[in-house]
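What follows is a set of notes on a single structure, which appears directly below.
Note that the numbering runs from 1 along the sequence shown for the chain.
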Amino acid sequence: TGQALKDTHFDIIYSSPLSRAYETACLIKGDRDIPVIKDDRLKEICFGNMEGMCMDDMLKDPNSHFQHFFDKPELFVPDEKGESLEELCTRTKEFMENVVMPNADNYTRIMIVGHGAMNKSIMCYIKNHGIDKFWSGGLQKNCNVIIVSYDNNCFTVLDEEKIFY
């Protein structure tokens with residue numbers, strides 16, 4: 001992905017502070033003089049006590065809090081230490097409204113590097129839809145690129161499933 005985007009202009013890159021996303025942001029940046037700014041609001045959803053557990057096992061367990069995460073996200077209930085999809089959407093909405101949107105006219109291209117559920121929460125903001133459509137556009141693969149334009153106060157999703165490898 002970094003190789004494919006090496007000649008694509010970016011004014012700024014925002015990244016989750018988690019190592020995998022930040023390393024990806026730095027690989028995309030390459031040797032260009034572009035700031036990579038970490039922001040905690042771009043972290044992946046917190047699964048609480050479910051962190052590190054096997055997703056397939058959790059999906060098979062009818063008592064798991066993970067039930068409905070993918071098939072009926074509006075019914076997903078996190079465990080007591082986890083984060084809800086609504087909470088995730090609230091924090092990424094705050095990022096968009098306090099960081100991205102105030103600078104929308106100052107930049108021609110912004111890169112946001114994060115994680116699957118976090119990216120989909122930003123898409124909820126961009127598409128202005130609810131949790132019931134959280135996974136619309138398909139599940140993301142590693143290094144999946146979502147391309148969105150913003151013109152005349154309107155977002156247009158150009159590609160939600162771009163893969164460069």
Side-chain angles (χ1 to χ4, degrees), residues 1-2 10 12-29 35-104 110-148 150 155 157 159-165:
T1 300
F10 294 102
I12 193 164
I13 300 173
Y14 294 103
S15 175
S16 161
L18 301 179
S19 62
R20 195 167 116 175
Y22 183 72
E23 288 171 15
T24 300
C26 291
L27 288 169
I28 291 169
K29 173 189 176 210
V36 178
I37 300 172
K38 295 178 185 179
D39 194 299
D40 283 346
R41 292 169 291 193
L42 299 178
K43 287 182 180 178
E44 181 60 295
I45 188 170
C46 175
F47 288 110
N49 293 326
M50 295 185 297
E51 290 286 344
M53 294 178 70
C54 176
M55 181 175 26
D56 289 337
D57 292 343
M58 291 188 299
L59 289 171
K60 290 176 189 171
D61 179 359
N63 298 316
S64 170
H65 287 278
F66 200 68
Q67 290 296 315
H68 304 300
F69 187 70
F70 293 110
D71 65 341
K72 294 181 183 173
E74 69 277 14
L75 300 179
F76 168 70
V77 177
D79 73 18
E80 66 276 358
K81 293 185 180 179
E83 182 177 26
S84 70
L85 292 172
E86 291 83 2
E87 290 168 323
L88 173 63
C89 286
T90 296
R91 87 171 138 85
T92 56
K93 177 182 178 184
E94 180 182 291
F95 170 79
M96 292 296 290
E97 291 182 348
N98 294 328
V99 176
V100 174
M101 299 313 296
N103 291 301
I110 297 170
M111 167 72 75
I112 300 172
V113 181
H115 313 274
M118 188 283 307
N119 289 339
K120 288 300 186 174
S121 69
I122 288 178
M123 294 307 290
C124 283
Y125 176 83
I126 287 172
K127 293 178 176 181
N128 194 29
H129 63 60
I131 299 298
D132 60 322
K133 294 185 175 90
F134 190 84
W135 298 107
S136 72
L139 295 177
Q140 291 189 283
K141 296 179 179 173
N142 287 339
C143 291
N144 185 138
V145 176
I146 299 173
I147 303 169
V148 177
Y150 182 74
F155 288 105
V157 179
D159 193 338
E160 258 185 275
E161 299 181 19
K162 183 71 175 170
I163 301 288
F164 289 105
Y165 57 88

Requested in this report: Check the side chains of Q140 and N119 for a donor-acceptor pair under 3.5 angstrom, ignoring hydrogens and angles.
Outcome: yes

Between [X] and [Y] (side chain of the first, backbone of the second, donor and acceptor by atom type, cut-off under 3.5 Å), is there such a pair?
X	Y	value
T92	L88	yes
S15	P17	no
Q67	D61	yes

Report summary line: Contacts of E94 meeting salt bridge (Lys or Arg N to Asp or Glu O under 4.0 Å) (sequence neighbours excluded), chain-then-number -> R41

**Report entry** With E83 via salt bridge (Lys or Arg N to Asp or Glu O under 4.0 Å) - residues at least two apart
**Finding:** R91

Requested in this report: Mind jotting down which residue pairs meet the salt bridge (charged side-chain N to carboxylate O under 4.0 Å, His left out) criterion with at least one end in residues 62-73? Sequence neighbours excluded, please.
Outcome: none

Query raised in the report: Please, which pairs that meet salt bridge (charged side-chain N to carboxylate O under 4.0 Å, His left out) have at least one residue in residues 132-144, sequence neighbours excluded?
Result: none

Which atom pair, heavy atoms only, marks the closest approach of [X] to [Y]?
X	Y	value
A21	G114	CB-O, 3.9 Å
M58	M53	SD-CB, 3.8 Å
S84	E87	N-OE1, 2.7 Å
F66	M55	CE2-CG, 3.4 Å

Looking at residues at least two apart in the chain, or sitting in another chain, which of them share a side-chain hydrogen bond (donor to acceptor under 3.5 Å, both in side chains) with [X]?
X	result
N103	N106
N142	R20
E44	none
K127	S136, E160

Is there a side-chain contact between [X] and [Y] in this structure, where contact means two heavy atoms from C-beta onward sitting under 4.5 Å apart?
X	Y	answer
Y125	F155	yes
V100	I112	yes
C89	I131	yes

Report task. Tell me, with the steps shown, if F69 and F47 meet ring-ring contact (aromatic ring centres under 6.0 Å, His included). Result -> CA-CA 11 Å; F69 187 70; F47 288 110; 5.4 Å; yes

With sequence neighbours excluded, what pairs up with [X] under the side chain to side chain contact (heavy atoms under 4.5 Å, CB included) test?
X	result
K81	N49, D79
T24	I28, V113, C143
E23	S19

Report task. Show your reasoning for whether side-chain contact (heavy atoms from CB on, under 4.5 Å) applies to K120 and L85. Result -> CA-CA 10 Å; K120 288 300 186 174; L85 292 172; over 6 Å; no

Query - Aromatic ring pairing F70/W135, orientation class (parallel under 30°, perpendicular over 60°, tilted between) - result: tilted

Report task. Name all residues meeting the ring-ring contact (aromatic ring centres under 6.0 Å, His included) criterion together with Y22; count only those two or more places apart in sequence or in a different chain, and write none if there are none. Result -> none

